[in-house]
K.L.:
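Before I ask anything, let me first share the structure, which is written out below as structure tokens.
For the numbers below, each heavy atom of this structure counts, side chains included, while hydrogens, waters and symmetry mates do not.
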Amino acid sequence: MSSALTDLSPHPIVQAPMAGGASCPALVAAVAEAGALGFLAAGYKTPEAMHEEIRRVRGLTARPFGVNLFLPQPAAADPAAIEVYREQLTGESSWYDTPLGDTDGSTDDAYDAKVAILLDDPVAVVSFTFGCPARSVVEALRAVGTRTVVTVTSAQEALAAHEAGADAVCAQGVEAGGHQGSHHDDPRADGAGLGLLPLLAQVRDAVPLPVVAAGGLMRGEQIAAVLAAGAVAAQLGTAFLACPESGADPLHKRALTDPRFPGTELTRAFSGRPARGLVNRFLRDHGPYAPAGYPQVHHLTTPLRRAAARAGDPEAMALWAGQGHRLARDLPAGRLVETLVAELAAARAALTTPGSAS
């Protein structure tokens, strides 16, 4: 890997931070112990819960790991549009016998308090999603020995990360599962995201920073491809979602390879921000009408999603998944890392062996 990340893990594999519980301490520690870089997801957690998870990982491994933070979001949602969507979801509320959530909460995800904890009790690396941190935050983290990575979905966002002093960027292609990490949520750009390989090329052309590649990666051969295209590491989320150590709901894990859910779409239905998930009933019924309104829509639908999970009904859960979800393997995280490393080595050997492509 590039010097900015080279000593964090022996293998060029990063376990993506997956907010909502999947990136739990057991998964992060197992990934780290296998020689890859694991990430906790601080999004939606209180600062205290984030800190407790950091302590739990340290109790399971001495290897480096990272924490991902959500940037504060502007209060740009149209309250009238949110209320219209609330009315559209009243039938769901009745069906699952649960009230809809409160949309009047904070939009900053306790960002400042989380940064303060990470300055007081540093981890190896902090990554950022939904925006670019201020240079002062990057410099403060660097002063305590923490590297910084900014998620980007365009060359312009990569330039902003470079100007802020970030150590690296994570180029997230449109194939990725879960939320698109774009710095600004513009509904006019819905459906216009770049695939990983074009994005990787544009980002590398724009900035001299190490680039981690993310989006639809499930096999070692794909890791070899993005490394050959100039990435220093590959970040995989959906591939680790199915691991037994993952904190994802068992219904979610099974859905990844369930024939009932053959494909994915980007939708605002569950959170108000574009996110890629398996196409289920809720996404089909409400995706076309969901407003731009993150995190308000996320909070609005949280009780519904939890009630659906309790009822054993994946049709109203946010089944986040990348385009490669059908390739998910039910392997322990350590074995998955070993398998990916072996596949990567075989792919590299094939590329360097004369006549191997014939």
Side-chain angles (χ1 to χ4, degrees), residues 1-18 22-23 27-28 30-39 63-66 68 125 127 149 151-153 168-178 181 194-204 209-243 245-246 256 276 321-353 356-357:
M1 286 194 204
S2 164
S3 59
L5 300 171
T6 186
D7 60 343
L8 294 182
S9 64
H11 304 307
I13 298 171
V14 179
Q15 165 251 309
M18 296 172 281
S23 298
L27 177 63
V28 174
V31 167
E33 283 293 297
L37 181 61
F39 263 93
R63 292 182 180 268
F65 64 94
N68 175 261
V125 57
S127 67
V149 180
T151 305
V152 301
T153 61
V169 294
C170 177
Q172 184 199 42
V174 74
E175 304 95 333
L194 286 173
L196 177 55
L197 289 178
L199 175 64
L200 178 56
Q202 291 184 26
V203 168
R204 291 189 68 241
L209 296 175
V211 184
V212 178
L217 305 177
M218 302 290 289
R219 294 285 191 264
E221 295 87 350
Q222 294 171 298
I223 297 173
V226 296
L227 295 180
V232 300
Q235 180 170 286
L236 290 72
T238 306
F240 286 102
L241 194 66
C243 294
E245 297 92 340
S246 157
L256 295 174
R276 184 172 297 281
Q323 288 183 339
H325 66 95
R326 302 289 294 175
L327 298 173
R329 296 178 279 202
D330 181 11
L331 293 174
R335 258 201 63 211
L336 178 57
V337 172
E338 293 172 3
T339 301
L340 291 168
V341 169
E343 291 171 347
L344 169 60
R348 282 174 156 171
L351 288 172
T352 56
T353 302
S356 61

K.L.:
Between Ala171 and Val211, what is the shortest heavy-atom contact and its length?
P.N.:
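That closest heavy-atom pairing would be CB-CG1, 3.7 Å.
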K.L.:
When you measure from the side chain of Gln15 to the backbone of Ala36, do you find a donor-acceptor pair of N or O atoms at a distance under 3.5 Å?
P.N.:
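Checked: no pair found.
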K.L.:
Could you give all pairs that pass the side chain to side chain donor-acceptor pair (under 3.5 Å) test and reach residues 215-229, with sequence neighbours left out?
P.N.:
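As it turns out, there is no side chain to side chain donor-acceptor pair (under 3.5 Å) pair with a partner in residues 215-229 once direct neighbours are skipped.
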K.L.:
Can any side-chain N or O of Arg63 pair as donor or acceptor with the backbone N or O of Ser9 at less than 3.5 Å?
P.N.:
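Not a single qualifying donor-acceptor pair exists.
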K.L.:
The criterion is side-chain contact (heavy atoms from CB on, under 4.5 Å); which residues satisfy it with Ala225, sequence neighbours excluded?
P.N.:
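Scan of Ala225 (side-chain contact (heavy atoms from CB on, under 4.5 Å), adjacent residues dropped) gives none.
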K.L.:
What side-chain donor-acceptor pairs closer than 3.5 Å can you find for residues 227-241, not counting sequence neighbours?
P.N.:
from   : atom 1 : to     : atom 2 : distance (Å)
Thr238 : OG1    : Gly322 : N      : 2.8

K.L.:
Let me confirm one number: the CD1-CG distance from Ile13 to Leu340, rounded to the nearest 0.5 Å.
P.N.:
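Interatomic distance, Ile13 CD1 to Leu340 CG, rounded to 0.5 Å: 5.0 Å.
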K.L.:
If you apply the rule side-chain contact (heavy atoms from CB on, under 4.5 Å), what do you find for Phe39 with Val31, and how did you get there?
P.N.:
CA-CA 9 Å; Phe39 263 93; Val31 167; over 6 Å; no
K.L.:
List for me each residue that meets salt bridge (charged side-chain N to carboxylate O under 4.0 Å, His left out) alongside Arg329, sequence neighbours excluded, and say none if there are none.
P.N.:
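Per chain and number, Arg329 pairs via salt bridge (charged side-chain N to carboxylate O under 4.0 Å, His left out) with Glu343.
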K.L.:
Check step by step if side-chain contact (heavy atoms from CB on, under 4.5 Å) holds for Leu217 and Glu175.
P.N.:
CA-CA 9 Å; Leu217 305 177; Glu175 304 95 333; over 6 Å; no
K.L.:
Could you tell me whether the side chain of Ser23 and the main chain of Val28 form a donor-acceptor pair under 3.5 Å?
P.N.:
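No; zero donor-acceptor contacts below 3.5 Å.
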K.L.:
State, yes or no, whether a side-chain contact exists between Val341 and Val337 at a heavy-atom distance under 4.5 Å.
P.N.:
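Yes, their side chains come closer than 4.5 Å.
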K.L.:
If I compare all heavy atoms of Gln202 with all of Leu194, which pair ends up nearest, and what's the gap?
P.N.:
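The answer is OE1-CD1, 3.6 Å.
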K.L.:
Hey, is CZ on Arg204 packed in by over 12 heavy atoms from elsewhere, all under 6.0 Å?
P.N.:
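No, the 6.0 Å shell around CZ holds no more than 12 heavy atoms from other groups.
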K.L.:
Can you name the residues that form a side-chain hydrogen bond (donor to acceptor under 3.5 Å, both in side chains) with Gln172, not counting sequence neighbours?
P.N.:
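If we apply the side-chain hydrogen bond (donor to acceptor under 3.5 Å, both in side chains) test to Gln172, skipping adjacent residues, there are no hits.
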K.L.:
Can you sort out the partners of Glu245 under side-chain contact (heavy atoms from CB on, under 4.5 Å), two or more places apart, ordered by chain and number?
P.N.:
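For Glu245 the side-chain contact (heavy atoms from CB on, under 4.5 Å) partners, ignoring immediate neighbours, are Ala26, Leu27, Ala30, Cys243, Pro332, Ala333.
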K.L.:
To check you understand the geometry: which heavy-atom pair defines the closest contact between Ala242 and Leu256, and what is its length?
P.N.:
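Nearest pair, atom of Ala242 first, then Leu256: CB-CD1, 4.0 Å.
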K.L.:
Compare every heavy atom of Pro10 with every heavy atom of Gly35, then report the nearest pair and how far apart it is.
P.N.:
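Closest approach of Gly35 to Pro10: O-CD, 3.0 Å.
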K.L.:
What's the shortest heavy-atom distance between Ser127 and Asn68, and which atoms?
P.N.:
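Scanning both residues completely, I find the closest heavy atoms to be OG-ND2, 2.8 Å.
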